[in-house]
A.B. asks: 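I'd like to ask some things about the structure below.
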Amino acid sequence: MKLRMFLGLSLCTIALSVAQAAPGKSHHESWVPPGLDEWHQLDAKAPIQLGPRPFWLVEDMDEGPLKERLQACNTRHLKRTDFSIGHRGAPLQFPEHTLESYVAAARMGAGIVECDVAFTKDRELVCRHAQNDLHTTTNIVAVPELNAKCTQPFVPADPASGTPAQAECRTSDITLAEFKSLKGKMDAFNPMATTPEEYLKGTADWRTDLYASRGTLMTHKESIELFKALGVKFTPELKSPVVDMPFEGNYSQQDYARQMIQDYIDAGVKPKDVWPQSFNLADVLFWVNETPRFGKQAVFLDQSAPTPENTSLAYMESLKAQGVNILAPALWKMLTLDSYGEIVPSEYADNARMAGLDLIAWTAERSGPLSNGGGWYYQSITDAINNDGDMLTVIDVLAREVGVIGIFSDWPATTTFYANCMASTVKR
């Protein structure tokens with residue numbers, strides 16, 4: 001089996017080398033976002049590139065039929081798949097919500113890519129995971145004139161007292177032009193930093209700064225045009241504001257939700273290619289009722305702690321009756337262990353399916369090494385997790401037994417690989 005795997009890796013490497021050398025459209029014939037004319041060719045029909053990680057994960061799996069099937073998988077004719085959703089792009093190695101991260105996700109075969117949507121001081125929509133994460137995801141604290149505009153400008157740590165550094169910088173603190181002047185970085189910070197430059201460090205050792213030398217920030221509108229050029233679909237998430245709404249007295253949550261959808265209408269994007277998301281049920285119901293063509297695929301992101309009430313069939317049926325068709329909880333909420341210690345669907349998942357809800361899981365490849373149980377994302381099945389290969393076992397249960405229609409991943413090659421190898425088990 002190991003020989004077969006190494007042969008497969010070699011063939012994959014050769015195929016990718018040939019694909020990368022193959023002629024394609026000239027630089028000037030491919031679309032790049034405004035101001036980014038130096039960016040290399042973007043080709044929606046370029047071959048999917050998995051790289052070595054999925055095969056490394058397979059080799060780390062426990063012995064069994066699933067491992068054997070994945071080892072035997074033919075990866076010569078990979079297809080893009082909506083089952084594989086790029087979570088903020090491909091942030092296991094690229095700065096999240098940047099052009100570079102999005103391109104990486106598309107090249108790994110993600111059929112859908114996410115732009116988390118926040119707003120600037122001048123009410124322009126931009127791609128950021130949170131309204132108040134600029135201090136950890138960009139270089140803003142090292143830009144004095146913009147750091148000064150932050151809700152909490154950088155304050156150095158005091159090593160003598162053990163007081164950590166402070167900073168909080170929001171998209172709503174700065175204008176769109178100022179936002180676009182920043183550079184994206186890996187989401188991290190050094191809490192004991194005494195200088196802004198030190199504060200920007202702290203990337204987890206299982207991630208990397210190897211590709212963080214440039215991180216091109218994007219507006220929501222730019223992300224739409226980029227995704228169109230890359231041939232991927234859209235799952236924008238309306239973020240929960242940390243400022244009081246209505247913002248500055250006259251920009252309401254509904255204005256914000258309406259503006260996000262309007263960007264797709266203005267860009268001529270078909271509603272069937274968009275999965276708008278929110279953790280706020282009111283946002284989802286707003287889309288269901290005001291923009292029903294987009295609301296049909298609106299995704300209710302569920303992060304609430306499980307209770308008998310919110311895992312019940314009655315609760316799931318109430319969501320469906322209000323027009324919610326897709327529910328997206330953290331993956332651990334849909335899984336549990338049976339009496340034999342095997343990973344199986346949870347009552348939550350069973351009731352959601354019984355109510356006719358489609359399910360999407362988040363987030364694979366989000367945790368570090370899984371040798372110690374996987375952390376928060378695997379909390380309901382910790383006792384069954386002891387190596388990185390178990391990630392593929394979890395994906396298999398989610399696809400084959402829970403019946404999810406998609407999985408968010410910080411490294412979409414993994415979910416793309418699974419979906420291509422196990423095409424008969426995935427819904428997309």
Side-chain angles (χ1 to χ4, degrees), residues 36 51 53 86-105 114-116 118 120 126-174 178-218 239 242 363-372 374-377 388 408-412:
L36 296 173
R53 181 163 176 79
H87 181 240
R88 314 183 199 178
L92 184 65
Q93 294 196 6
F94 291 83
E96 64 185 45
H97 292 308
T98 61
L99 182 150
E100 293 78 8
S101 190
Y102 291 149
V103 170
E114 178 187 47
C115 166
D116 289 326
T120 60
V126 296
C127 298
R128 283 294 92 194
H129 173 62
Q131 186 184 22
N132 61 336
D133 71 2
L134 294 182
H135 50 291
T136 64
T137 65
T138 76
N139 63 330
I140 191 170
V141 299
V143 182
E145 61 272 22
L146 296 184
N147 174 63
K149 296 184 177 184
C150 290
T151 296
Q152 170 59 71
F154 171 75
V155 176
D158 181 0
S161 66
T163 303
Q166 300 178 55
E168 183 185 351
C169 302
R170 302 173 177 177
T171 57
S172 55
D173 289 335
I174 58 176
E178 291 167 335
F179 173 85
K180 289 287 289 178
S181 73
L182 298 172
K183 185 181 78 172
K185 59 179 283 291
M186 298 300 283
D187 185 10
F189 71 102
N190 175 2
M192 296 311 296
T194 58
T195 68
E197 291 72 24
E198 289 179 351
Y199 187 81
L200 297 178
K201 300 177 181 179
T203 300
D205 60 8
W206 45 273
R207 294 182 182 270
T208 180
D209 287 316
L210 187 62
Y211 304 110
S213 59
R214 61 174 182 265
T216 307
L217 302 193
M218 303 201 74
K239 302 307 299 185
V242 295
T363 304
E365 302 276 24
R366 188 70 187 161
S367 298
L370 305 188
S371 57
N372 294 320
W376 188 87
Y377 284 91
D388 285 342
F408 282 91
S409 177
D410 277 15
W411 199 242

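Computed from a predicted structure; not experimentally measured.
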A.B. asks: Look up atom CZ in Arg366 and atom CH2 in Trp411, then write down how far apart they are to the nearest 0.5 Å.
C.D. replies: 13.5 Å
A.B. asks: Write down the atom of Arg214, the atom of Pro95, and the distance for their closest heavy-atom approach.
C.D. replies: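 So the minimum-distance heavy-atom pair works out to O-CG, 4.5 Å.
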A.B. asks: How about Leu134 and Leu146: do any of their side-chain heavy atoms sit closer than 4.5 Å?
C.D. replies: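 In short, these two side chains do not touch, never coming nearer than 4.5 Å.
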A.B. asks: Using every non-hydrogen atom in the two residues, find where Glu96 and Ser101 come nearest and quote the distance to one decimal.
C.D. replies: CA-OG, 4.2 Å
A.B. asks: To the nearest 0.5 angstrom, please state how far the CG atom of Leu200 sits from the CZ atom of Phe154.
C.D. replies: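 Atom-to-atom, Leu200:CG and Phe154:CZ are 8.5 Å apart.
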A.B. asks: Given the rule in the side-chain contact (heavy atoms from CB on, under 4.5 Å) test, do Val126 and Leu217 qualify, once you have shown the distances and angles that lead to the verdict?
C.D. replies: CA-CA 8 Å; Val126 296; Leu217 302 193; over 6 Å; no
A.B. asks: Side-chain contact, heavy-atom cut-off 4.5 Å: His135 with Asn147?
C.D. replies: no
A.B. asks: Is a donor on one side and an acceptor on the other found under 3.5 Å between the side chain of Arg207 and the backbone of Gly368?
C.D. replies: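 No, because the side chain of Arg207 does not come within donor-acceptor range (under 3.5 Å) of the backbone of Gly368.
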A.B. asks: Can a salt bridge be assigned to the pair Glu365 and Arg53 using a cut-off of 4.0 Å between side-chain N and carboxylate O?
C.D. replies: yes
A.B. asks: Do the side chains of Trp206 and Pro369 get nearer than 4.5 Å, heavy atoms only?
C.D. replies: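 Yes - at least one pair of side-chain heavy atoms lies under 4.5 Å apart.
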A.B. asks: Apply salt bridge (Lys or Arg N to Asp or Glu O under 4.0 Å) to residues Asp209 and Lys201 and explain how you reach the verdict.
C.D. replies: CA-CA 9 Å; Asp209 287 316; Lys201 300 177 181 179; over 6 Å; no
A.B. asks: Where do Pro153 and Ala148 come nearest, in terms of heavy atoms and distance?
C.D. replies: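 Closest approach of Pro153 to Ala148, heavy atoms only: CG-O, 4.1 Å.
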A.B. asks: Does the side chain of Tyr102 reach to within under 4.5 Å of the side chain of Cys115, using non-hydrogen atoms?
C.D. replies: yes
A.B. asks: Assess the side chains of Glu100 and Thr216: does a donor N or O sit below 3.5 Å from an acceptor N or O?
C.D. replies: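 Their side chains do contain a donor-acceptor pair, which is all the 3.5 Å distance test asks for.
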A.B. asks: In terms of the angle between their ring planes, are Phe94 and Tyr211 parallel, tilted or perpendicular, with boundaries placed at 30° and 60°?
C.D. replies: parallel
A.B. asks: Which pairs, with at least one residue in residues 181-195 and sequence neighbours excluded, count as a salt bridge (Lys or Arg N to Asp or Glu O under 4.0 Å)?
C.D. replies: none
A.B. asks: Taking all non-hydrogen atoms of both residues, which atom of Ala167 and which atom of Tyr199 are closest, and how far apart?
C.D. replies: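 Residues Ala167 and Tyr199, closest heavy atoms: CB-OH, 3.8 Å.
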A.B. asks: Please report the shortest heavy-atom distance between Thr194 and Pro159, naming the atom on each side.
C.D. replies: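 So the minimum-distance heavy-atom pair works out to CG2-CG, 4.0 Å.
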A.B. asks: How long is the span from the OG atom in Ser181 to the CG atom in Asn139, to the nearest 0.5 Å?
C.D. replies: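 If I round to the nearest 0.5 Å, the distance is 7.5 Å.
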A.B. asks: Rounded to the nearest 0.5 Å, how far apart are CG of Leu182 and CD1 of Ile140?
C.D. replies: 5.0 Å
A.B. asks: So do the side chains of Asp410 and Thr363 get within less than 4.5 Å of each other, counting heavy atoms only?
C.D. replies: yes
A.B. asks: I need the minimum non-hydrogen distance between Ala90 and Pro412, along with the two atoms involved.
C.D. replies: CB-CD, 4.0 Å
A.B. asks: Hey, does the side chain of Lys180 reach the backbone of Met218 with a donor-acceptor pair shorter than 3.5 angstrom?
C.D. replies: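 It does not hold such a pair.
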A.B. asks: Restricting to ring-ring contact (aromatic ring centres under 6.0 Å, His included), what partner residues turn up for Tyr377, sequence neighbours left out?
C.D. replies: none
A.B. asks: Does anything in residues 145-174 pair up under salt bridge (Lys or Arg N to Asp or Glu O under 4.0 Å), and if so which pairs, sequence neighbours excluded?
C.D. replies: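 Pairs touching residues 145-174 that pass the test: Lys149-Glu178, Glu168-Arg170.
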A.B. asks: Please round to the nearest 0.5 Å and tell me the distance separating atom CZ of Arg88 and atom NE2 of His97.
C.D. replies: 5.5 Å
A.B. asks: Check whether any side-chain heavy atom of Val141 lies under 4.5 Å from a side-chain heavy atom of Cys169, and answer yes or no.
C.D. replies: yes
A.B. asks: Roughly how far, to the nearest 0.5 Å, is the OG1 atom of Thr163 from the CE atom of Met192?
C.D. replies: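 Between Met192 CE and Thr163 OG1, I get 7.0 Å after rounding to 0.5 Å.
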